[in-house]
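Everything on this sheet refers to the single structure shown next.
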Amino acid sequence: QVQLVESGGGLVQAGGSLRLSCAVSGRPFNNLYMAWFRQPPGKGREFVGRLIGHTTYEADSVKDRFTVSGDSAKNTLYLEMSSLKFEDTAMYYCAARRPASSEYEYWGQGTQVTVSS
């Protein structure tokens, strides 16, 4: 069973930086499609970025400010966030799916990021 545990969230001032981590257990994350999502207060969940193999992709809303990466030796996914804005305030979730699946099957518990203006 795949388990995902996020960490690294917190309170930061606008313009600041944070790095979120997602520790993966139960399966090498190189064998999974990994992604970050977020859910702002009172809004729906939105896609932030993904890592498939060695290929990363970030949503237009965060491109040039957020970077998705992974460390296979640590089986950990990262989300580097810089130039944070108030509207980046959200619960951030790590998600994973097997390549044969059409939906993200595994989710972490989330880590809260709050950006003060």
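These numbers come from a predicted model, not from an experiment.
Linking Ile, Leu, Val, Met, Phe, Trp and Tyr whenever their side-chain heavy atoms come within less than 4.5 Å leaves L79 and F47 in two separate clusters. Both V12 and F66 are part of a single hydrophobic cluster, where members link through side-chain heavy atoms under 4.5 Å apart.
In the hydrophobic clustering (ILVMFWY side chains linked at under 4.5 Å, chained through shared members), V5 stands by itself. When hydrophobic residues (I, L, V, M, F, W, Y) are linked wherever their side-chain heavy atoms come within less than 4.5 Å, L11 remains an isolated member.
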Side-chain donor/acceptor pairs under 3.5 Å, residues 14-35, sequence neighbours excluded:
none

Below 3.5 Å, can you tabulate the donor-acceptor pairs from side chains in residues 93-110 to any protein atom, sequence neighbours excluded?
residue: R97; atom: NH1; partner: S101; partner atom: O; Å: 2.3
residue: R98; atom: NE; partner: E105; partner atom: OE1; Å: 3.0
residue: R98; atom: NE; partner: E105; partner atom: OE2; Å: 3.1
residue: R98; atom: NH2; partner: E105; partner atom: OE1; Å: 2.5
residue: S101; atom: OG; partner: E105; partner atom: OE1; Å: 3.3
residue: S101; atom: OG; partner: E105; partner atom: OE2; Å: 2.8
residue: E105; atom: OE2; partner: R98; partner atom: N; Å: 2.8
residue: W107; atom: NE1; partner: Y104; partner atom: O; Å: 3.2
residue: Q109; atom: NE2; partner: E6; partner atom: O; Å: 3.2

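Contact of the Y57 side chain with the I52 side chain is not registered, since no non-hydrogen atoms from C-beta on lie closer than 4.5 Å. Side-chain contact between V68 and R50 is absent, with no heavy-atom pair separated by less than 4.5 Å.
Considering all non-hydrogen atoms of both residues, V48 and F37 come closest at CG2-C, 3.8 Å.
Applying the side-chain hydrogen bond (donor to acceptor under 3.5 Å, both in side chains) rule to R65 yields the partners D88; only residues at least two apart in sequence or on another chain are considered. Q112 meets the side chain to side chain contact (heavy atoms under 4.5 Å, CB included) test with T89, M91, T114; sequence neighbours excluded. In this view, S61 and R38, A59 satisfy the side chain to side chain contact (heavy atoms under 4.5 Å, CB included) rule, not counting sequence neighbours. Legend: residues meeting side chain to side chain contact (heavy atoms under 4.5 Å, CB included) with S69, ordered by chain and number and at least two apart, are Y78. Here R45 pairs with nothing under the salt bridge (Lys or Arg N to Asp or Glu O under 4.0 Å) rule; sequence neighbours left out.
Surrounding NZ of K63 are more than 12 heavy atoms belonging to other residues, nucleotides or ligands, all under 6.0 Å away.
To the nearest 0.5 angstrom, D60 atom CG is 10.5 Å from E58 atom CD. To the nearest 0.5 Å, atoms OG1 (T111) and CH2 (W36) are separated by 7.5 Å.
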